[in-house]
Amino acid sequence: MIRYLLRRILLFIPTLIVISLLAFVISVNAPGDPVDRLVTAAESGDVANTATSSMLEEKQYWTHRLGLDLPVFYFSIAPLSYPDTLFRIIDKKEQHALTVMLNSYGNWLTIESYHSSVLQLCATHSQLSKDSVLMSSYHQNEIREAINQSEFTSHSLLDISNEKVIRSKMNELSILYNKHPFFKNQEAALQQVIKAHDEMRASPQRWRNYIPIIQFHPQNQYHRWIFGDGNWLTGKGSTFSKGLIRGDLGMSYTTKMPVNEIISKRIGWSLFFTLLSVILAYLISVPIGIRAAVKQGSFFDRTSSVLLFMLHSMPAFWVATLLLMIFANSDVLPWFPSSGIKPVTGYPDTAGFFEKIKLSLPYIILPLIAYTYSSLAFLSRMMRVSVLEVANQDYIRTARAKGLSENTVIYKHVFKNALLPIITVFANIFPAAIGGSVILETIFSIPGMGLETYQAILTQNYPVIIGVFTLTGLLTLIGYLLADMLYAFVDPRISLLKK
């Protein structure tokens with residue numbers, strides 16, 4: 001058994017690597033810019049529609065904290081013209097514009113020179129003095145409007161790759177600077193931009209785009225996501241991330257809370273309803289399935305089959321809504337609360353464990369019924385079929401021929417082997433607990449993982465979604481391992497190892 005467990009655990013490693021790769025690919029390709037979502041503060045000032053210095057600093061901070069200033073994977077295949085530092089451009093629009101230029105001209109040296117000249121032009125605005133002698137003859141509003149236009153147009157050059165649009169922006173700036181002499185430094189910087197742009201156009205090296213090269217990146221986003229930003233083995237020195245291997249699932253984009261903390265707060269109720277509903281379903285369905293099989297063709301068998309088919313055909317959300325409309329409706333039967341898992345005012349400070357259970361009991365009955373009924377019908381039918389299949393085996397007929405009582409035959413020889421199919425259902429308990437029931441938790445306002453995942457999808461909170469996906473994959477593997485062990489326990493004929 002130990003050798004079998006070790007072998008299965010070793011087989012888990014490549015499976016987990018594939019799961020982590022898939023989760024990482026999804027997170028990297030998710031739409032939207034996480035940095036923009038995390039930047040919540042922006043300075044207001046004289047400049048409109050441009051990134052202020054505090055916003056840029058905050059963007060740099062979140063980009064570095066999320067590891068987005070690193071290459072994506074351990075290696076990349078790119079054209080010879082691409083530099084190995086393109087990923088350090090924080091702004092995605094700016095990075096996209098440079099990529100388009102690389103594809104058009106293939107000469108990174110001239111493109112970089114042009115990009116640097118535009119940055120220099122943008123930086124000259126910080127040297128402007130609104131109280132200079134050159135500005136004294138202009139009205140303050142005119143000065144402010146001219147500076148805003150200059151800054152906006154200069155910064156827009158960073159995001160543009162179309163030649164005609166670039167030339168149009170340059171002409172706008174040139175006219176503006178000729179009209180206002182206080183843009184003396186900007187005029188000189190603009191000439192450098194025009195010169196660099198002309199050089200870029202005059203010296204293309206497009207052939208470099210057709211030669212692929214492999215670039216290796218020991219430090220990359222995937223490595224950091226798995227091992228954190230400290231020592232990859234011990235985790236020492238980590239600042240922002242300890243890595244998935246040490247249980248760090250990242251940070252929520254909406255609340256900035258660790259995903260681990262969110263899951264630990266939410267998983268309790270999902271686990272409670274999942275486990276309790278499965279236990280109830282097994283306790284009810286197994287006797288029903290056995291009796292229906294033993295009394296095959298009887299009134300009980302036909303009646304239970306019809307009822308179970310009816311239950312199994314009704315969608316969970318419809319049954320949940322029906323339960324609320326009947327048993328949580330003040331106009332019909334106001335027996336239970338319609339939402340939540342405890343009183344709105346919370347538990348009394350003096351309430352003990354059993355007192356809390358008593359207060360929450362009315363809140364959990366309807367959700368528990370909705371959780372249980374569908375698996376109850378499924379397990380009952382599966383148990384009936386399994387018992388019928390085992391009961392027709394030769395060794396069962398031999399047992400009956402020996403004169404054993406029917407109860408001994410059923411509960412000693414048939415029951416144990418008939419459990420094999422429904423053990424498979426047990427393997428789904430753990431992933432179901434981490435994923436929760438999105439529909440039922442939303443309908444009953446249960447603060448579990450299902451509701452949290454639903455809200456994460458609505459708000460595009462990808463770290464939470466990826467964290468749930470990764471944990472679900474891990475728990476699925478653990479569930480199947482436990483199911484295999486139960487198979488061997490129930491039926492020793494099942495060999496865990498090759499002989």
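These figures come from a predicted structure and were not determined experimentally. The analysis underlying the following values was restricted to heavy atoms, covering all of them including side chains, and did not include hydrogens, waters or symmetry mates.
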Below 4.5 Å, heavy atoms only, C-beta onward: do [X] and [Y] meet side chain to side chain?
X	Y	result
Leu440	Ile446	no
Glu441	Trp269	no
Met251	Leu66	yes
Phe152	Asn148	no
Phe75	Asn220	no
Gln95	Ile90	no
Leu38	Lys256	yes
Tyr177	Ser150	yes

Can you check side chain to side chain contact (heavy atoms under 4.5 Å, CB included) on Gln140 and Ile143, steps first, answer last? CA-CA 5 Å; Gln140 287 295 320; Ile143 294 173; 4.3 Å; yes

Keeping the roles fixed (side chain from [X], backbone from [Y]), state whether a donor-acceptor pair exists under 3.5 Å.
X	Y	result
Arg206	Ser104	yes
Thr442	Val438	yes
His197	Val193	no
His180	Phe182	no
Ser270	Met449	yes
Asp229	Thr239	yes
Asn185	Thr124	no
Thr63	Leu68	no
Arg37	Thr254	no
Ser277	Thr274	yes

Measuring from atom [atom1] of [X] to atom [atom2] of [Y], what distance do you get when rounded to the nearest 0.5 angstrom?
X	Y	atom1	atom2	answer
Lys93	Ser156	NZ	OG	11.0 Å
Lys179	Glu142	NZ	CD	6.0 Å
Thr453	Ile465	OG1	CD1	8.0 Å
Arg167	Ile194	CZ	CD1	6.5 Å
Leu471	Ile466	CG	CD1	11.5 Å
Glu261	Leu249	CD	CG	12.5 Å

N/O donor to acceptor pairs below 3.5 angstrom from side-chain atoms of residues 11-30, sequence neighbours left out:
{"residue": "Thr15", "atom": "OG1", "partner": "Leu11", "partner atom": "O", "Å": "3.1"}
{"residue": "Ser20", "atom": "OG", "partner": "Leu16", "partner atom": "O", "Å": "3.3"}
{"residue": "Ser20", "atom": "OG", "partner": "Ile17", "partner atom": "O", "Å": "2.7"}
{"residue": "Ser20", "atom": "OG", "partner": "Tyr222", "partner atom": "OH", "Å": "2.8"}
{"residue": "Ser27", "atom": "OG", "partner": "Ala23", "partner atom": "O", "Å": "3.4"}
{"residue": "Ser27", "atom": "OG", "partner": "Phe24", "partner atom": "O", "Å": "2.7"}
{"residue": "Asn29", "atom": "ND2", "partner": "Val25", "partner atom": "O", "Å": "2.7"}

Are side-chain N/O atoms of [X] and [Y] paired as donor and acceptor at under 3.5 Å?
X	Y	value
Thr99	Tyr82	no
Asn209	Tyr105	no
Thr459	Tyr253	no
Glu145	Gln149	no

Check the pair Arg224 / Gln219 against side chain to side chain contact (heavy atoms under 4.5 Å, CB included), numbers first and verdict last. CA-CA 7 Å; Arg224 177 170 167 162; Gln219 295 298 323; 6.0 Å; no

Please find the pair of heavy atoms, one from [X] and one from [Y], that lie closest to each other, and give the distance.
X	Y	value
Glu199	Ser203	O-OG, 2.7 Å
His125	Leu121	ND1-O, 3.2 Å
Asn461	Ser252	ND2-OG, 2.8 Å
Pro367	Phe273	CB-CE2, 3.7 Å
Ser81	Leu102	O-CD2, 3.5 Å
Asn260	Asp248	ND2-CA, 3.7 Å

For the pair Leu173 and Glu187, evaluate side chain to side chain contact (heavy atoms under 4.5 Å, CB included) and give the outcome as yes or no after the intermediate values. CA-CA 8 Å; Leu173 289 174; Glu187 171 65 24; over 6 Å; no

With a cut-off of 6.0 Å (strictly less than), are more than 12 heavy atoms of other residues, nucleotides or ligands near [atom1] of [X]?
X	atom1	value
His312	NE2	no
Phe240	CZ	yes
Leu119	CG	yes
Met257	CE	yes

Set out, in order, the CA-CA distance, both residues' side-chain angles and the distance that settles side chain to side chain contact (heavy atoms under 4.5 Å, CB included) for His217 and His223, then state yes or no. CA-CA 10 Å; His217 315 287; His223 181 87; over 6 Å; no

By salt bridge (charged side-chain N to carboxylate O under 4.0 Å, His left out), which residues pair with Arg201, not counting sequence neighbours?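 Arg201 satisfies salt bridge (charged side-chain N to carboxylate O under 4.0 Å, His left out) with Glu163 once adjacent residues are dropped.
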
Single hit among Pro343, Ser339, Ser338 for side chain to side chain contact (heavy atoms under 4.5 Å, CB included) with Tyr363: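 Running side chain to side chain contact (heavy atoms under 4.5 Å, CB included) over Pro343, Ser339, Ser338 with Tyr363 returns exactly one hit, Pro343.
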
